[in-house]
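What follows is a single structure, written as structure tokens, with notes after it.
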Amino acid sequence: MIKVRMNDKIIEIEAGKRIVDLIGDKKYLAARVNGELRDINTEITEDVELNLIDFSTEEGKEIYWHSSSHVMAMAVKKLFPDAKLAIGPAIDQGFYYDFDKKEPFSPDDLAKIERKMKQIIDQDIPFERVVMKNKEILDFFEKRHESYKVQLIKEIEAEEISLYRNDDFADLCRGPHVPSTGYIHAFKLLSLAGAYWRGDVKETMLQRVYGISFPTQDQLNDYLKKIEEAKKRDHRKLGTELELFSIFEEAGAGLVHWHPKGATLRRIIEEYWIKEHLAADYQLNITPHIARGRLWHQSGHYDFYRDNMYALPVENEEYILKPMNCPGQILIYKSKVRSYRELPLKYAELGTVYRNELSGTLHGLLRVRGLTIDDAHIFCQPEQIEDELTKVLELAQKMLNKFGFHEFQVELSVRDPKDKEKYMGSDEEWERAEKGLIAALKRVGLEYKRMEGEAVFYGPKIDIKLLDALGREWQASTIQFDFNLPRRFDIEYMDRDGKHKQVVVIHRAIYGSLERFIGCLIEHYAGSFPLWLAPVQVVVMPITDKENRYAQQIVKRCKKQGLRVALNDKSEKINYRIREVEVSKVPYMLILGQREIVDKMVSVRKHKEGNLGQMKLKEFFSLLESEQGGEN
RNA sequence: GCCGGGAUAGCUCAGUGGUAGAGCAGGGGUUUUGUAAACCUCAGGUCGGGGGUUCGAAUCCCUUUCCCGGCUCCA
């Protein structure tokens, strides 16, 4: 007999029993055996401590989805024996598997694969772990003509490698897996996509199938429903419905046209930005949209960014439509000798730039070709770095919070320690910059993820990412050191000791771009903007035309109060108009009938909440004032 | 840019080789309305663009633009 401590209970069993035999139901998918992840098909031969893993945990989900991807691959191999297996991992939400197959999958194939998966699940085929010597396993997959697996094996240094078998299907895999295919209950294949082998453009394009699975049908239904709900928040859909913006085929891809309501929203966001930046000692400047080619040669953009730049001929010279604001701002800095007394000097600009992004990457407002960066450049001395970075992070936090963004992913991108050659700047600069970034993150108390080797060649950076309705990450704020431009432009200041010294340049943006930020904002609020952002804040509605004059007076007083107000006096029933305004997501309606005229009141209806009853107009104004500031 | 799927009225969508449709939105009229859709009526489309096959194309083929989902890229 051996002792097993399982989920904090100790039981005695005979040696050689499998973990799964100790468990009653199929809830548990795998286990940690003395801390190590194992299949629950594993036999127990000695005293151990077991922690059972179910679907509710991150690990559980990963195992479940990974096993699901094996089931999908099994089905694909049965239906299309020529398809070669590439990789099939679990991802944040579900799983995928990449196949190399001559004929791409058609959407109809998904249904076929699903049916075959169902059969495989019904057969409840065991997942069997097999450990082989490196050489053996190589032969095994070579015989099966699984060339991608062969490539992967060749890169594994371990002497023994595991694979998982289900009948005649086998996949190179570390595991663990659920004990048998019957553990996969509710699943759905979601989409098809092309994906390069190893994410490399020069490699073969594989066929990727995405799917999701859950232990119960209800969970699957909930998930699918959630996706449907998220699609209703899509900023592209809401942008049209709420008349915020358009992107026209006839005008060009990725070029945003702001309608009056969208332009109002954007103007409010810009005005808030200006207010905060002036308060934080930034100075505003404005730089031109085009500049001579030689400027972009000097900055280095011409060498590194040419493919993304739009060029235009001007007389006998090439001009460039600016893809960035840095060179212009730097010229302003350099327009005279700067003293250390001026530093830190902070230039900010809502700079509209144009970038020739690959057509396949464009996405509503979130990825465009013409964008306005809320750009700023901080010129400072080395010893000012930490304070300045801290101020930027504080400002970013404050401003993002103002818009209701409280949770965001923060990434610190540093250079690849193994390949220091490919970066500009000295070791000293990199170390100082990185130290400053980390210290600032610590000072403002932001959790962050360190991204080794993700820095751009000219310096380390911090990125803050916002999520869209479907949970996809989009970079908003960014704080980047630049060791390149100060050298290329000889950006200096006169120090206290009378010597010219190279200045430290930090690029930073808080919104990232107005376009992307507003795209995320629309999805964040699902189009129901808080009062301070709503393009129209109040709609005044007389019930019949007997109240029109009173309504006009109310509109006038609202305008005088500084509200964005509209009158809706069309000859539709009041219920019709209430619905009309309700779906347009305007925060407040004032409904005026004979009663209101007699009592000198307004009847207030709040978006999503309904009738708040009658009040004096002054009371209404103070009600609005209490929520006018947004969050903070 | 690459892989796959798309594009029909302002919007959402039906229409698989034989005279282009619906709902909503819009115009006109009737209705004067009390907290989420009154009624009648009218108008609206080179079926994304170009080329081809066919007696005949929204429908089949080619091409191009744009969109969607991924991949890649993201100074």
Side-chain angles (χ1 to χ4, degrees), chain A residues 96 98 101 103-110 190-210 231 234 236-237 240-241 243 246-254 296 299-309 323-327 353 355-364 367 373 454 456-459 461 463 470 472 474-475 478 480 482 484-485 507 512 541-548 569-584 589-596 603-614:
Chain A
Y96 68 77
D98 284 346
K101 181 171 170 293
E103 293 292 312
F105 292 111
S106 75
D108 295 339
D109 291 336
L110 287 189
L190 297 171
S191 62
L192 293 167
Y196 302 106
W197 168 239
R198 314 205 130 159
D200 187 338
V201 190
K202 292 186 281 285
E203 297 275 4
T204 321
M205 172 131 321
L206 307 169
Q207 304 298 316
R208 177 171 296 180
V209 183
Y210 284 91
K231 283 183 184 158
D234 190 316
R236 294 164 298 190
K237 186 176 151 68
T240 307
E241 284 172 9
E243 301 181 303
S246 296
I247 296 168
F248 298 105
E249 179 179 345
E250 53 269 54
W296 304 99
S299 70
H301 288 98
Y302 213 100
D303 298 330
F304 296 103
Y305 207 60
R306 179 66 185 88
D307 291 346
N308 282 300
M309 303 195 301
M324 308 214 177
N325 301 304
C326 334
V353 301
R355 299 177 177 179
N356 185 12
E357 302 289 353
L358 294 178
S359 58
T361 65
L362 300 175
H363 184 99
R367 191 156 182 93
I373 302 177
E454 288 297 306
V456 280
F457 78 88
Y458 53 79
K461 59 171 182 169
D463 293 325
L470 286 169
R472 293 176 289 207
W474 297 92
Q475 184 191 307
T478 184
Q480 312 186 344
D482 194 324
N484 179 44
L485 294 179
H507 309 268
M541 295 200 284
I543 292 175
T544 76
D545 43 21
K546 291 193 195 75
E547 294 88 29
N548 278 0
D569 61 354
K570 51 172 112 164
S571 85
E572 293 284 356
K573 285 181 69 170
I574 192 69
N575 278 352
Y576 177 93
R577 285 179 284 154
I578 285 172
R579 179 188 152 76
E580 186 177 45
V581 178
E582 197 68 45
V583 298
S584 72
M589 290 176 229
L590 297 180
I591 294 163
L592 311 174
Q594 282 307 304
R595 291 207 291 271
E596 284 71 24
S603 185
V604 179
R605 185 186 164 100
K606 188 169 182 181
H607 176 52
K608 284 193 194 159
E609 290 181 27
N611 193 355
L612 301 187
Q614 286 191 347

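Residue numbers begin at 1 in each chain, while the letters A, B, ... track the order of the sequences. Worth saying up front: this structure is predicted, and the values here are computed from it rather than measured.
Between B:G34, B:A36, B:U72, one nucleotide has an atom nearer to the side chain of A:Y196 than all others, and that is B:U72. Distances were taken from every side-chain heavy atom of A:T361 (C-beta onward) to each of B:U32, B:G1, B:U35; the shortest belongs to B:G1.
In this model, the phosphate group of B:G69 is approached by a side-chain N or O of A:R472 to a distance below 4.0 Å at OP1 or OP2. OP1 or OP2 of B:C71 sits under 4.0 Å from a side-chain N or O of A:Y210. Within the structure, a side-chain polar atom (N or O) of A:H363 is placed less than 4.0 Å from OP1 or OP2 of B:G69. Applying the 4.0 Å criterion to OP1 and OP2 of B:C74, one finds that A:R355 has every side-chain N and O outside that range. A sub-4.0 Å separation between OP1 or OP2 of B:U33 and a side-chain N or O of A:R577 is absent. For A:K570, a side-chain nitrogen or oxygen approaches OP1 or OP2 of B:G26 to under 4.0 Å. Between B:G70 and A:S191, no contact under 4.0 Å exists linking OP1 or OP2 to a side-chain N or O.
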CA sep, side-chain torsions, deciding dist, call: A:E582, A:R605, salt bridge (charged side-chain N to carboxylate O under 4.0 Å, His left out): CA-CA 10 Å; A:E582 197 68 45; A:R605 185 186 164 100; 3.0 Å; yes

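Salt bridge status for A:D234 with A:R236: present, with a side-chain N to carboxylate O gap under 4.0 Å.
Between A:R355 and A:P323 the shortest heavy-atom distance is NE-O, 2.9 Å.
By the 4.5 Å heavy-atom criterion applied to side chains, A:L110 and A:L192 are counted as neighbours.
With rounding to whole Å, A:D108 atom CG is found 10 Å from B:G6 atom P. For the pair A:K231 NZ and B:C67 P, the computed distance is 19 Å after rounding to whole Å. Rounded to a whole Å, the CG atom of A:L358 is 13 Å from the P atom of B:U72. Summarising the geometry, the separation between CD on A:E572 and P on B:U35 is reported as 17 Å, rounded to the nearest angstrom.
Base contact: A:E596 has a heavy atom under 4.0 Å from a base atom.
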